[in-house]
Amino acid sequence: MARTTPGLDFLAQNLFIPGLFLFFFLVTARHWLDLHFATWILVSAAVAVVSLHIIGRTVLREYVQAVEAARMGARPAPVGSQSPISRILLGHLGYPAGTFWKLVEAYGPVLFGSNMVITTSPDHVKIILRTDSHNYAKDESLHEAMDLVLGTGVFSLSVDMWKFHRTITRPFFDRNRVTHLEMFSHNAQSVAAQIISTMKASQAVDFQSLIRYSTLNIATSLLFGTCVSSLPNAPGAKPNSAFPLLPVTEFCEALLQLQDIVSERQRLGWVWPLYELLGDKAKKPLNIIGRNFDPIIQRAIGRKMMKGVGVIYHGSDGCGVGEGEGETLLDHLVELTSDANLVKSAILNTLIAGRAGTATTLTHLVYFLARHPTVMSRLSAEIAAMDSAQTPTDTDMADLRYLRAVINETLRLAPQVQYVSRESVEATTWPSPDLHEKRIYIPPRTKILFDVSALHSSNELWGPDADHFDPDRFLDRRFTTYLAPNPHIFLPFGAGPRTCLGKDFPYDEISVAVIELLRRFSVISLLPRSSEWDARRGLDRASSMNIPQGLWVKMEETVQ
Ligand code: HEM
């Protein structure tokens, strides 16, 4: 079917076509059987039958599942409820994972809507991600939402395509090749300079906005070997000739917008097309990105054809450090293929997967430091004791144990990926939380969600102080008591065959940024519009992917 808008396509597939089909059937029957009744009765009958069809389908499915569960010696999962309407309302009222929090609180660890199971049990998560991972594919509704934006890439539903993409991009993520500490350091200096110049102009800083742009610089440098020079006041920043067609800010905005659209579609689940009744929100940003990406990719492929090697952009253009030949993802990919669509999709997938997590985690980390001055002082002391005066080395990074613990604690309380979704392939069973009860039946083709936020904040799994921001839990006996024996309670990067490909990047990038910030600034304070932000649930925790109003801070420079 030709695509109109995602919303109209959705209605056509789910309601209009069956309704229309029925309507014309009744009109024809009326004609041939020479019956006499008004058209409004036909319309009402069509609507009623479509509604009955939907209800009947659900009841029948639940009956079949109950029979199948009994056959497998299991019981159906406890029933929760999450209608599309409640999902939309709750999602709007709360944090992204707020919907699931409410359900998990109300019903316990396993919930069953009509065809969705939500769990927070580490035992189930281990089954889904590791021990039986082949029975849990990426979920199809998510795939449809992503596919329209990202093309077929590492997020692809088809196992073969996913394996292929993972295999071709993986070597690029080899840690030795991607530890670009110098570039991270240069970028962090630009961020600090930007903060200082904004403060000098007596303005408050929206750290979230600043970091959204600066991480884009790094991501594009790593992928293309050129950055978008998106920090307007960064030393040495200038318009970048590699992105010639539109102002750089427009390109950045398009990418950030695309990211938000992907998150929004994920949050809404299968009803997302209803939000796009009037048009495909991703179309405009995708056009802008395409007009910038396509020439770069085409030139890279052209050069490879001419020279037989992948030499792309290697410039010092506001990012400070040019990449070595063959070091970027683009270099790497064009050496393997000349298919421009494949290259574009692999790069866009990585860009979308990678940039937001680092930006959000760094934003939350600064938020937590502002809320916990004692943690900040201790971290500053650890950084001050470092040997290297400038760019940290690999050895420095390994010694900064408290910094690593602060990053982990941020990822625990503010996991960037709030929930991970899969779809069961074959019917299966899971152990019940109470081992005396029958196992829980999981039907085939069921959407499985596990709530990473709930898993990370559970008192049962992390101890009585699970709600508190305390990095020492990764260093003291709480580590050996809770995490070491049960590693599936901490999953900021997922686990198993689909674990995050780029997880070494954020640790390095965030560490270098924090080192630079804490060298330059001794105090970070939240401004009123940001300090109110975490009042929900009485918890000192952050759980939104983006802080809606930004993270407005003031920073005091360290007296040398
Ligand atoms: C704090 C930062 C980050 C967080 C919290 C994060 C988290 C995650 C998680 C939870 C997954 C698994 C999702 C699932 O199982 O369905 C994932 C997958 C992925 N991540 Fe990350 N990520 C981060 C940064 C990055 C970076 C910097 C890159 C690349 C430069 C990256 C590339 C990827 C890719 C390509 C996948 C898909 C892997 C696959 O499906 O095989 N991520 N990430």
Side-chain angles (χ1 to χ4, degrees), residues 1-10 138 140-158 161-162 165 169 212-213 215-217 219-224 226-228 230 240 242-301 312-313 328-330 333-334 337 339-357 359 545-546:
M1 188 194 310
R3 173 157 285 277
T4 49
T5 70
L8 290 178
D9 281 0
F10 175 88
K138 278 277 189 188
E140 203 167 338
S141 59
L142 186 66
H143 167 64
E144 205 192 319
M146 304 283 270
D147 209 32
L148 293 169
V149 176
L150 301 175
T152 45
V154 76
F155 293 118
S156 173
L157 182 68
S158 120
M161 275 310 282
W162 160 68
H165 272 269
T169 44
R212 266 163 79 106
Y213 278 90
T215 46
L216 198 52
N217 262 349
T220 48
S221 302
L222 287 170
L223 302 184
F224 287 126
T226 187
C227 76
V228 289
S230 49
N240 190 335
F243 295 89
L245 294 176
L246 285 159
V248 158
T249 47
E250 203 172 343
F251 171 80
C252 295
E253 280 308 322
L255 203 57
L256 297 174
Q257 233 178 319
L258 202 59
Q259 193 114 46
D260 290 342
I261 292 166
V262 171
S263 307
E264 174 82 349
R265 287 181 179 181
Q266 282 176 302
R267 185 179 68 73
L268 290 169
W270 64 274
V271 292
W272 73 264
L274 290 179
Y275 269 69
E276 300 189 27
L277 267 181
L278 300 181
D280 183 347
K281 287 186 185 168
K283 201 169 166 189
K284 190 172 167 212
L286 271 178
N287 276 341
I288 295 174
I289 289 167
R291 281 156 65 198
N292 282 272
F293 271 20
D294 293 346
I296 298 178
I297 293 169
Q298 288 300 347
R299 278 201 297 270
I301 292 173
I312 325 297
Y313 293 98
T328 69
L329 181 61
L330 181 56
L333 291 171
V334 295
T337 175
D339 180 340
N341 281 336
L342 202 150
V343 172
K344 182 175 165 187
S345 146
I347 291 197
L348 197 54
N349 274 252
T350 313
L351 200 52
I352 296 281
R355 195 213 53 85
M545 289 180 5
N546 280 318

**OP:** Output the distance between atom CD1 (Ile347) and atom OG1 (Thr220), rounded to the nearest 0.5 Å.
**Re:** 11.0 Å
Subject >> Distance in Å, Leu286 CG paired with Gln257 CD, rounded so as to fall on 0.5 Å steps >> reply: 10.0 Å
Heavy-atom pair of closest approach, residues [X] and [Y]:
X	Y	result
Pro295	Gly290	CD-O, 4.0 Å
Arg212	Ala359	CA-CB, 4.3 Å
Glu276	Ile261	OE2-CG2, 4.3 Å
Ala346	Leu329	O-CD2, 4.4 Å
Ala219	Leu351	CB-CD1, 3.5 Å
Lys281	Tyr275	CE-O, 3.9 Å

**OP:** Under the side chain to side chain contact (heavy atoms under 4.5 Å, CB included) rule, what do Ile297 and Leu333 come out as? Steps first, then yes or no, please.
**Re:** CA-CA 10 Å; Ile297 293 169; Leu333 291 171; over 6 Å; no
**OP:** Not counting sequence neighbours, which residues clear side chain to side chain contact (heavy atoms under 4.5 Å, CB included) with Asp339? List them please.
**Re:** Thr337, Asn341, Leu342
**OP:** With sequence neighbours left out, write down each residue that passes side-chain hydrogen bond (donor to acceptor under 3.5 Å, both in side chains) with Asn287, or none if nothing qualifies.
**Re:** none
Original post:
Is there side-chain contact between Ile288 and Leu255, with at least one heavy-atom pair below 4.5 Å?
Top reply: no
